[in-house]
Amino acid sequence: QVQLVESGGGLVQAGGSLRLSCAASGRTFSNSAMGWFRQAPGKEREFVAAISWGGGRTSYADSVKGRFTISRDNAKNTVYLQMNSLKPEDTAVYYCAGRLPGAPSYSIKEYDYWGQGTQVTVSS
């Protein structure tokens, strides 16, 4: 069983940056693909970014491509989401999630375990 704890959310002005972290406990983290998802009030949870178990493959939603970067450090059991050029429409609760096998996926249904989420608010 893997437990995930997100951190790094907060309030930032449009155009600013934040880095989210997701710390994992459990032996399967290094074999797991990891993803970031977000859910804005009144909207469905949506895919943001994903990374393969070794970090060699990444994928992004079109809405964040070129602004967000996902990365991981398996030695620290942590996955990151660097968010630059933030926009008010990026405001949401951000969740990290993991899945086995270790190929990245944009599908919520394919993820096996989830964190509690961290709030990101971007003011205009």
Side-chain angles (χ1 to χ4, degrees):
Q1 187 72 15
V2 178
Q3 292 185 324
L4 304 176
V5 178
E6 301 96 335
S7 62
L11 174 64
V12 64
Q13 288 188 332
S17 298
L18 283 175
R19 188 174 83 154
L20 305 183
S21 299
C22 173
S25 63
R27 294 178 294 177
T28 58
F29 173 80
S30 60
N31 297 323
S32 299
M34 300 298 296
W36 285 97
F37 293 79
R38 66 187 182 187
Q39 188 166 17
K43 295 188 177 181
E44 294 185 352
R45 194 170 297 189
E46 65 176 8
F47 169 74
V48 175
I51 189 167
S52 60
W53 68 272
R57 293 170 56 191
T58 57
S59 62
Y60 296 92
D62 288 343
S63 59
V64 306
K65 208 170 287 184
R67 301 187 297 122
F68 291 10
T69 303
I70 189 171
S71 61
R72 66 189 297 162
D73 185 339
N74 285 346
K76 295 182 178 179
N77 275 16
T78 302
V79 62
Y80 305 97
L81 184 69
Q82 178 66 45
M83 306 186 295
N84 298 328
S85 302
L86 282 160
K87 305 175 181 180
E89 51 263 44
D90 294 318
T91 295
V93 177
Y94 282 71
Y95 299 89
C96 85
R99 68 182 295 264
L100 288 168
S105 172
Y106 61 85
S107 174
I108 291 173
K109 296 178 181 179
E110 294 189 3
Y111 283 81
D112 304 305
Y113 46 93
W114 292 80
Q116 301 274 3
T118 185
Q119 176 71 47
V120 171
T121 303
V122 184
S123 63
S124 57

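Residue numbers run from 1 in the order of the sequence given.
- Once rounded to the nearest 0.5 Å, the distance linking CZ of Phe47 with OH of Tyr60 reads 9.0 Å.
- No side-chain heavy atom of Ile51 sits less than 4.5 Å from a side-chain heavy atom of Pro104.
- Listed for the Asp112 side chain is a donor-acceptor partner under 3.5 Å among the backbone atoms of Leu100.
- Put simply, the side chain of Arg67 gets close to the backbone of Ser85: a donor and an acceptor are under 3.5 Å apart.
- Counting heavy atoms from C-beta outward, Gln119 and Leu11 have side chains that stay 4.5 Å or more apart.
- Between Phe29 and Val79 the shortest heavy-atom distance is CZ-N, 4.2 Å.
- Residues Asp62 and Lys65 are paired through a salt bridge, judged by an N-O separation under 4.0 Å between the basic side chain and the carboxylate.
- Looking at heavy atoms from C-beta onward, Tyr80 lies in side-chain contact with Ser21 at the 4.5 angstrom threshold.
- Atom CG of Asn77 sits about 10.0 Å away from atom SG of Cys22, to the nearest 0.5 Å.
- Between the CZ atom of Arg45 and the CZ atom of Arg38 there is a distance of 13.0 Å, given to the nearest 0.5 Å.
- Between Trp114 and Tyr95, the ring-plane angle classifies as perpendicular under the 30° and 60° cut-offs.
- No path of Ile, Leu, Val, Met, Phe, Trp and Tyr side chains, each step under 4.5 Å between heavy atoms, connects Leu81 with Tyr111, placing them in separate hydrophobic clusters.
- Nearest approach of Leu86 to Leu18, heavy atoms of both residues: CD1-N, 3.9 Å.
- The shortest heavy-atom contact between Trp53 and Asn74 is O-ND2, 3.1 Å.
- Within 6.0 Å of OH on Tyr113 lie more than 12 heavy atoms contributed by other residues, nucleotides or ligands.
- Heavy atoms only, all atoms of each residue included: Glu110 and Ser105 are closest at OE1-OG, 2.8 Å.
- Considering OG of Ser107 and CZ of Arg99, their distance stands at 8.0 Å, rounded to 0.5 Å.
- Shortest non-hydrogen contact noted between Met34 and Cys96 is CE-SG, 4.4 Å.
- Within 6.0 Å of CD on Glu89 lie more than 12 heavy atoms contributed by other residues, nucleotides or ligands.
- With rounding to the nearest 0.5 Å, the separation of CD in Gln116 from OG in Ser7 is 13.5 Å.
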Checklist entry - Hey, mind stepping through Phe37 and Val93 against side chain to side chain contact (heavy atoms under 4.5 Å, CB included) and telling me if it holds? => result CA-CA 8 Å; Phe37 293 79; Val93 177; over 6 Å; no

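- Other residues, nucleotides and ligands place more than 12 heavy atoms under 6.0 Å from the CD atom of Gln39.
- Separation of atoms CD (Gln82) and CG (Leu20) is listed at 9.0 Å; rounding is to 0.5 Å.
- When all heavy atoms are compared, the tightest approach of Gly16 to Val12 is CA-CG2, 3.9 Å.
- Counting heavy atoms from C-beta on, the side chains of Met83 and Asp90 never come closer than 4.5 Å.
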